[in-house]
Amino acid sequence: MQKLTTGALMRFAKNSSSGEQPILQVLNIKLMDSKPVSESSMTASQHKKTQRYRLILSDGKHFLPSCVLTVQLNDLVTNGQLQEYSIIRLDRYLRSDLKGQTAKMILQILQITILDIATHRIGNPISLLTADLNEDNTLTTSTTKDVLQPKVTNSIFKHPIAPINKELPVLPPPSSSTITITNIDSIKNNRLFKIETLNPFQNRWTIRVRVANKTPIRTYLNGDGRLFNCNFIDETSEIRATGFGDDCDRLEPILIVGNIYYITQAQIKYANKQFNTFNNDFEMTFNNETIIERCLDNISSIPMQRLHFIPINQIQNIETNSFIDVIGIVMSINDIIHGKSKQNKDYTKRDILILDRTGQITVTLWYRIAENFQSSTIRAVIMLKGVCVKDFNGERTLSVLASTQLQIDPDLSIAHELRKWYLEEGMNIDMIDLTIQSNKHENIPWKTFSQVAEYELNMSSIVNSEIFRIKAVCTFVRHDPVYKACTRFDCKKKLQDNNDGTYYCSKCDLNYEDFKLLYMTSILLSDSTGYQWVSFFEKESEILFGCPSEQFPYGKSKDDEDKAYQKLMSICGQEKMFLIRVKLNHYNNHDRLQFTCVGIESIDARLMCRLYLEDIGRMSCILLD
DNA sequence: CCCCCCCC
């Protein structure tokens, strides 16, 4: 059993920056109230990300009831690794005291190592909050204490929030509202903090950061105000900042993308992860006390951008609705589509296709970004920072949101390399080869319908969607497997017959005289263990019916109906290997599973042998157990 | 205090 670092919490209370990595025991874990986010519109997984755990940590002598776990470590609690009586080593943590009436010393837990778990509480610790701070503590180094600890008063609550070097100029009091950059001492002499260490409980900090991106000032309707956003980066992290109202006029012109600034006296608050695409729990709001001063030295340790590009073929493994950085070549630019959403809202969108060495993916642009996208960007390099990962019928797509940073031909070495690769090799590669390269259908579990039925019993386990492979027979087909679709490129919306030779597309909000036939049908698939209705769309239906959708007999004549019947009958009895995606849909206030065929393979004897042998292997393991 | 990010 690990020994606890007795006295560590007292040393922490006296000097939060001792750099110690104490071994402590968890006495209790509790879920705190969620942060203010619009709860109703959140999905379960989003909600999970905003939950915070409060821990009581003990060093055997004292315990501190106000320890907050960073949300990145929530999984340790939810998956049961971190429990009551766990013994942990605090690897990275922060003192971030809460001010005001409920003044409180907060220990922010940023990184831990779980060492062990005990069966009981070790020692007989008393609360640090009621302990006498002046008791002797031999391990506290006197040097750091002298510099960083102004004075020990009778209450630990009155300690300064962050260590401040007393020799340096003190910032003006927060009450002043007429501060300008000229009438104060330069803030660049302040002790510098890194973005990584900023949190809402510190009130005195100065950071030195580069402006990575800035939005124009825009107005918003509900609230009738205006705002701008910018993104700051330093060596450690990134943070989004917002200025409202008068702060726009004062600060927006000062901040220029690429320049470095000292910033102090802005509010740090919890980021609403639903909208903030940044890898930071917090965000910054400027106020009338915020001071921004240009740093004229080019600090080369601060990068120009913080980017982590995901190769396109790996996007399939990324959770939908998460935000990533992607770089690729613009391969095609579709026409703009004007449509109406389900909420009866007009939208404008444009799809483009981008390519890198590993694969290609569709990127959807919206509104002004869609309208302004230049056709000349074809074959240019496009960089997307904070682009949203979406799922459409099992295929991943990307959606460029207003907060996404989009740059054409960025001056980055990776962009130059990509362009060089494209000119020398990429443009000669057959796109179909690339699609195959993405090997997205490997390692898909093979199931029978008796196993598929288990999805119904455990719906909530399907986070986004799952794919399985099944050998099955087409048993029954719904009539009318084709529908009249909007001919506008990429629209495919089912048209309403006006019965006057014209058709109405609710998506385009226009009447058309023409239509195209597209497949959309349900087929009852079965094997020896069960059955399931599965939706089939264009590509997969064409394989089964053996003709393109526009050739499917559609007329009302006896001849056409006979031919259609023949077609329907022709697929009954066909046995194939189907790739099926199962997705959880919320429909009319209840959950149901939706099965869609996303691929058809002929039954290959070698593949079947391999699958059977794998199953036999698994069964013999079970028998031997 | 924003936070719209929509479509098949």
Side-chain angles (χ1 to χ4, degrees), chain A residues 35-42 46 50 215-231 240-248 252 266-267 269-278 283-288 320-323 334-352 362-371 384 386-406 483 485-495 505-509 516 518-520 535 537-539 583 585 594 596 598:
Chain A
K35 288 289 130 194
V37 245
S38 48
E39 312 270 339
S40 54
S41 61
M42 275 195 300
Q46 281 168 333
T50 61
T215 68
I217 297 175
R218 67 183 175 93
T219 54
Y220 55 93
L221 295 173
N222 46 334
D224 186 33
R226 57 198 202 287
L227 71 103
F228 80 105
N229 289 115
C230 65
N231 306 332
R240 188 173 82 144
T242 309
F244 292 98
D246 292 342
D247 304 317
C248 291
E252 191 275 338
Q267 185 199 351
K269 56 174 194 172
Y270 282 94
N272 185 340
K273 286 287 182 185
Q274 207 179 344
F275 307 111
N276 190 320
T277 65
F278 275 62
E283 59 184 33
M284 183 184 298
T285 305
F286 300 130
N287 53 42
N288 60 3
T320 55
N321 292 324
S322 52
F323 295 94
N334 289 359
D335 288 337
I336 283 197
I337 287 176
H338 299 278
K340 251 191 193 341
S341 72
K342 281 174 194 157
Q343 289 77 36
N344 206 32
K345 217 180 127 188
D346 291 316
Y347 67 84
T348 311
K349 75 153 199 166
R350 187 202 291 276
D351 282 346
I352 63 170
T362 299
V363 181
T364 306
L365 314 173
W366 301 94
Y367 297 98
R368 189 166 295 178
I369 301 168
E371 285 159 20
L384 299 162
V387 68
C388 191
V389 178
K390 296 281 175 186
D391 173 281
F392 173 54
N393 280 346
E395 299 279 340
R396 287 284 190 271
T397 64
L398 298 174
S399 185
V400 173
L401 312 185
S403 55
T404 306
Q405 201 175 319
L406 184 157
Y483 70 100
C486 177
T487 57
R488 286 271 287 273
F489 185 78
D490 224 30
C491 178
K492 295 181 186 171
K493 182 77 185 170
K494 188 175 180 178
L495 296 168
C505 174
S506 62
K507 204 172 128 190
C508 303
D509 195 21
K516 61 183 171 191
L518 290 178
Y519 283 122
M520 178 172 62
S535 297
F537 293 95
E538 190 64 6
K539 207 168 82 191
K583 206 173 166 180
N585 265 4
Q594 190 193 319
T596 306
V598 293

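This is a predicted model, so every value here is computed, not measured. Below, chains carry the letters A, B, ... as their sequence lines are ordered, and counting in each starts from 1.
Summarising the geometry, the separation between CG on Asn229(A) and P on dC1(B) is reported as 13 Å, rounded to the nearest angstrom. Distance Phe323(A) CZ to dC3(B) P: 15 Å, rounded to the nearest Å. If you measure from atom CD of Gln405(A) to atom P of dC5(B), you get 21 Å, rounded to the nearest angstrom. Nucleotide dC7(B) holds its C1' atom 16 Å from the CD1 atom of Ile369(A), rounded to whole Å. Distance CZ (Phe244(A)) to C1' (dC3(B)): 9 Å, rounded to an integer number of Å. Protein atom CG of Leu401(A) is 13 Å distant from nucleotide atom P of dC7(B), rounded to whole Å. Atom OH in Tyr483(A) sits roughly 10 Å away from atom P in dC8(B) (whole-Å rounding). Regarding Glu371(A), its CD atom lies at a distance of 14 Å from the C1' atom of dC5(B), rounded to whole Å.
Considering only side-chain atoms of Arg218(A), the nucleotide from dC7(B), dC8(B), dC2(B) that sits closest is dC2(B). You'll find that the side chain of Lys390(A) is closest to dC6(B), out of dC5(B), dC6(B), dC7(B). When distances run from any side-chain atom of Lys349(A) to the nucleotides dC5(B), dC1(B), dC7(B), the shortest one goes to dC7(B). Side chain of Leu227(A), nearest nucleotide from dC2(B), dC6(B), dC5(B): dC2(B).
Remark: Gln267(A) pairs with no residue by the side-chain hydrogen bond (donor to acceptor under 3.5 Å, both in side chains) rule, at least two apart or across chains. With sequence neighbours left out, Arg350(A) forms a side-chain hydrogen bond (donor to acceptor under 3.5 Å, both in side chains) with no residue at all.
Between the side chain of Thr242(A) and the backbone N or O of Thr285(A) there is no donor-acceptor pair closer than 3.5 Å.
Within 4.0 Å (heavy atoms only), Lys269(A) reaches at least one base atom of the nucleic acid. At a threshold of 4.0 angstrom between heavy atoms, the contacts of Ser399(A) with the nucleic acid are absent. Contact annotation for Arg240(A): base contact, defined as any heavy-atom pair under 4.0 Å involving a base atom.
By the criterion of a centre-to-centre distance under 5.5 Å and near-parallel planes under 30°, the ring of Tyr347(A) forms no stack with the base of dC6(B).
For Tyr367(A) against dC4(B), a side-chain-to-base donor-acceptor contact under 3.5 Å is absent. Remark: the Glu283(A) side chain and the dC3(B) base include a donor-acceptor N/O pair separated by less than 3.5 Å. For Gln267(A) against dC1(B), a side-chain-to-base donor-acceptor contact under 3.5 Å is absent.
Between the OG1 atom of Thr364(A) and the CD1 atom of Ile369(A) there is a distance of 11.5 Å, given to the nearest 0.5 Å.
With Lys390(A) as the fixed residue, the side-chain contact (heavy atoms from CB on, under 4.5 Å) test singles out one of Val363(A), Thr320(A), Asn321(A): Asn321(A).
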